[in-house]
Amino acid sequence: MIKEIDHIGIAVNNLEEAISIYTDILGLESKGAEKIEEQKIILATILVGGIKIELLQSTHPDGAIGKFIKKKGEGVHHIAFIVENIDESLKKLTAKGVNLIDEKARFGAGGAKIAFIHPKDMKGVLIELVERAKGK
Ligand code: CMX
């Protein structure tokens, strides 16, 4: 079902400052920022070999990232795995009794189909499933 890691999401207070740390200090490449209104975030993608780091800044205090930072501070927010067929994956997980945040996939950054699994069922780690269009 799971192919590989797509990205690691990191919650940050200040996107520009975070981008500068990952590019100027660590020497990684940034692909630029994207606002995702539905998720109440602005995200910047940092490329690390075949996988990505998504730096996530909240645009509203009541969004998922805003609430996370308020409770836990900045840091790793989620791990995203690539799946070939997200609808099939969600059906399989439902059959196994897994607590899904999204019973149906929705659209995320870059037009990918995404869905989240509740951290309570994943040993305290928020897991995102991602299905990318072929060639993306
Ligand atoms: N990782 C681990 N645990 C987390 C967490 C995270 N990212 N976010 C919340 N939690 C914990 C909370 O601390 C809380 O723990 P306790 O019960 O021990 O206090 C528990 O999960 C449940 O929290 P909650 O208050 O019931 O629910 P929240 O309103 O905080 O929502 C969650 C939590 C995961 C359901 C919500 O953030 C969500 O739906 N996330 C999916 C969407 C998302 O994260 N979007 C942002 C990124 C988008 C992207 O990258 O595209």
Side-chain angles (χ1 to χ4, degrees):
M1 185 176 91
I2 289 170
K3 298 277 173 205
E4 57 193 292
I5 291 181
D6 182 75
H7 67 265
I8 296 168
I10 300 179
V12 303
N13 277 319
N14 182 318
L15 195 63
E16 288 310 315
E17 183 200 37
I19 293 171
S20 164
I21 290 169
Y22 280 80
T23 56
D24 299 338
I25 296 178
L26 294 183
L28 294 166
E29 185 192 336
S30 167
K31 247 179 65 181
E34 179 179 355
K35 193 170 188 175
I36 305 179
E37 209 65 67
E38 189 205 337
Q39 299 279 339
K40 299 178 180 169
I41 54 167
I42 311 176
L43 74 79
T45 303
I46 303 289
L47 304 174
V48 194
I51 74 159
K52 299 178 276 289
I53 291 175
E54 283 185 358
L55 302 173
L56 309 163
Q57 182 192 307
S58 181
T59 54
H60 296 276
D62 63 337
I65 298 301
K67 283 169 81 176
F68 177 86
I69 289 183
K70 195 171 172 203
K71 196 164 179 184
K72 297 179 193 266
E74 294 180 297
V76 173
H77 177 261
H78 66 268
I79 299 175
F81 294 118
I82 293 196
V83 294
E84 209 165 72
N85 183 325
I86 199 163
D87 299 325
E88 282 300 315
S89 301
L90 292 174
K91 267 189 213 159
K92 282 184 189 164
L93 292 168
T94 302
K96 288 179 180 174
V98 173
N99 181 4
L100 299 173
I101 293 170
D102 303 294
E103 283 168 16
K104 287 195 170 151
R106 48 184 156 134
F107 287 99
K113 285 171 84 176
I114 62 165
F116 287 87
I117 306 174
H118 202 282
K120 289 281 176 206
D121 273 12
M122 296 286 126
K123 297 290 176 197
V125 178
L126 177 62
I127 300 287
E128 178 180 358
L129 303 180
V130 181
E131 179 190 323
R132 294 200 178 276
K134 297 263 181 289
K136 287 220 169 178

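Each ligand, and each atom within it, is numbered from 1 in the order the structure gives.
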Student: Under 4.0 Å from any heavy atom of A64, which atoms of ligand 1 are there?
Tutor: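 Those atoms are 37 (O), 43 (C), 44 (O), 45 (N), 46 (C).
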Student: Within a distance of under 4.0 Å, is there any protein heavy atom near atom 42 (C) of ligand 1?
Tutor: yes
Student: K120 heavy atoms, cut-off 4.0 Å: which ligand 1 atoms fall inside?
Tutor: 15 (O), 16 (P), 17 (O), 18 (O), 20 (C)
Student: If I compare all heavy atoms of K113 with all of I86, which pair ends up nearest, and what's the gap?
Tutor: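 Where K113 meets I86 most closely, the heavy atoms are O-CD1, 3.5 Å.
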Student: For atom 39 (O) of ligand 1, grab the closest protein heavy atom and report residue, atom and distance to one decimal in Å.
Tutor: I101 CG2, 3.5 Å
Student: Could you tell me which atoms of ligand 1, counted from 1 in the order shown, lie closer than 4.0 angstrom to a heavy atom of L126?
Tutor: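 With L126 as reference, the close atoms of ligand 1 come out as 1 (N), 6 (C), 7 (N), 34 (C), 44 (O).
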Student: What do you think, any protein heavy atom under 4.0 angstrom from atom 27 (O) of ligand 1?
Tutor: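 No, because not a single protein heavy atom sits under 4.0 Å from atom 27 (O) of ligand 1.
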Student: With the threshold set strictly below 4.0 angstrom, can you tell me whether any protein non-hydrogen atom sits that near atom 24 (P) of ligand 1?
Tutor: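 Under 4.0 Å from atom 24 (P) of ligand 1, zero protein heavy atoms found.
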Student: Does atom 15 (O) of ligand 1 have a protein heavy-atom neighbour under 4.0 Å away?
Tutor: yes
Student: Which of the numbered atoms in ligand 1 are below 4.0 angstrom from a heavy atom of E54?
Tutor: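 With E54 as reference, the close atoms of ligand 1 come out as 50 (O).
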Student: Go through ligand 1 atom by atom and flag the ones less than 4.0 Å from a non-hydrogen atom of K67.
Tutor: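 Those qualifying, in numeric order: 28 (P), 29 (O).
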Student: Determine whether any heavy atom of G9 lies closer than 4.0 Å to an atom of ligand 1.
Tutor: no
Student: Does R106, backbone or side chain, put an N or O under 3.5 Å from an N or O of ligand 1?
Tutor: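 R106 vs ligand 1: no N/O contact under 3.5 Å.
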Student: Heavy-atom distance to atom 50 (O) of ligand 1: which of H78, Q39, K71, M122 wins?
Tutor: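 Answer by nearest heavy atom: H78.
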Student: Closer than 4.0 Å and a protein heavy atom, does any atom meet both conditions relative to atom 1 (N) of ligand 1?
Tutor: yes
Student: Grab the two heavy atoms, one from S30 and one from T23, that are nearest each other, plus how far apart they are.
Tutor: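 Shortest heavy-atom contact: CB-CG2, 3.7 Å.
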Student: Please compare I10, I41, I79 and report which has the shortest non-hydrogen distance to atom 49 (C) of ligand 1.
Tutor: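 Heavy atom nearest to atom 49 (C) of ligand 1 belongs to I41.
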Student: Quick one: nearest non-hydrogen protein atom to atom 7 (N) of ligand 1, plus distance?
Tutor: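 Nearest protein contact, heavy atoms only, for atom 7 (N) of ligand 1 is H77 O, 2.9 Å.
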Student: Run the numbers for me: atoms of ligand 1, each under 4.0 Å from some heavy atom of K72, listed by number.
Tutor: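 Selected atoms, number and element: 3 (N), 4 (C), 13 (O).
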Student: Applying the side-chain contact (heavy atoms from CB on, under 4.5 Å) test to L126, which of I101, I79, I117 qualifies?
Tutor: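 In the set I101, I79, I117, the residue that makes a side-chain contact (heavy atoms from CB on, under 4.5 Å) with L126 is I101.
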